[in-house]
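See below for the structure under consideration.
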Amino acid sequence: MKKHLTTFGLSEKAKLAYWQDIVNEHFVQLTCRVGVSHTLMDFNAELNCSRLHCIDLLEVIASGQSVTRPPKRFHEDDYLLLTLQQKGQMEITQDGRRTVLSPVRLVYTIVGDHILSI
């Protein structure tokens with residue numbers, strides 16, 4: 001089943017809270033913040049979801065933001081996150097290591113505490 005979720009058309013006040021709910025439902029418990037160069041007025045994000053056997057396929061199209069998963073939010077069923085950057089740049093910081101993804105770059109993360117900045 002395919003699902004499309006978006007913040008487009010929502011009020012400025014509702015956008016970040018709705019996006020936070022989407023991220024927490026489809027990933028793990030994370031904290032989302034609008035990126036330094038963006039305001040809530042120009043922030044928009046969308047998530048396209050589908051499932052292939054036991055693999056969740058998620059496409060995120062979003063304005064600048066920072067997504068953080070602190071250590072206190074670990075749980076036993078952590079998972080592997082495979083990221084393919086298609087446009088723009090994203091920075092991933094984990095365990096003191098940092099990498100910048102540019103288009104058509106692939107990286108995997110054994111999900112623990114991390115920060116993703118789009």
Self-check item: Sequence neighbours excluded, every pair satisfying salt bridge (Lys or Arg N to Asp or Glu O under 4.0 Å) that has a member inside residues 57-68
Solution: none
Practice problem: List, by chain and number, the other hydrophobic cluster members for Ile61, where Ile, Leu, Val, Met, Phe, Trp and Tyr join if side-chain heavy atoms come within less than 4.5 Å, directly or indirectly. | Solution: none
Quiz prompt | OG on Ser50 to NZ on Lys3, rounded to 0.5 Å | solution = 11.0 Å
Quiz item: CG/Leu101 to CD/Gln86 distance, rounded to the nearest 0.5 angstrom?
Solution: 12.0 Å
Self-check item: From CZ (Arg33) to CG (Leu16), nearest 0.5 Å
Solution: 10.0 Å
Self-check item: Nearest heavy-atom neighbours spanning Lys15 and Leu10
Solution: CE-O, 3.4 Å
Quiz item: Is there a side-chain contact between Asp21 and Glu25, using heavy atoms and a 4.5 Å cut-off?
Solution: no
Quiz item: Cluster partners of Leu57, using ILVMFWY side-chain heavy atoms under 4.5 angstrom, listed by chain and number?
Solution: Leu52, Ile55
Quiz prompt | Gap separating the CD1 atom of Ile22 from the CG atom of Leu5, nearest 0.5 angstrom | solution = 4.5 Å
Exercise. Could you tell me which non-hydrogen atom of Ala45 sits nearest to which non-hydrogen atom of Ala62, and how far apart they are?
Key: CB-CB, 3.7 Å
Quiz item: Do any pairs count as a salt bridge (Lys or Arg N to Asp or Glu O under 4.0 Å) and have a residue in residues 45-54, sequence neighbours left out, and if so which ones?
Solution: Arg51-Asp56
Practice problem: Hey, could you give me the CD/CG distance between Gln65 and Asn44, rounded to the nearest 0.5 Å? | Solution: 11.0 Å
Exercise. To the nearest 0.5 Å, tell me how far Thr7 OG1 sits from Trp19 CH2.
Key: 7.5 Å
Quiz item: How far apart are the closest heavy atoms of Val67 and Cys32, and which atoms are they?
Solution: CG2-SG, 4.2 Å
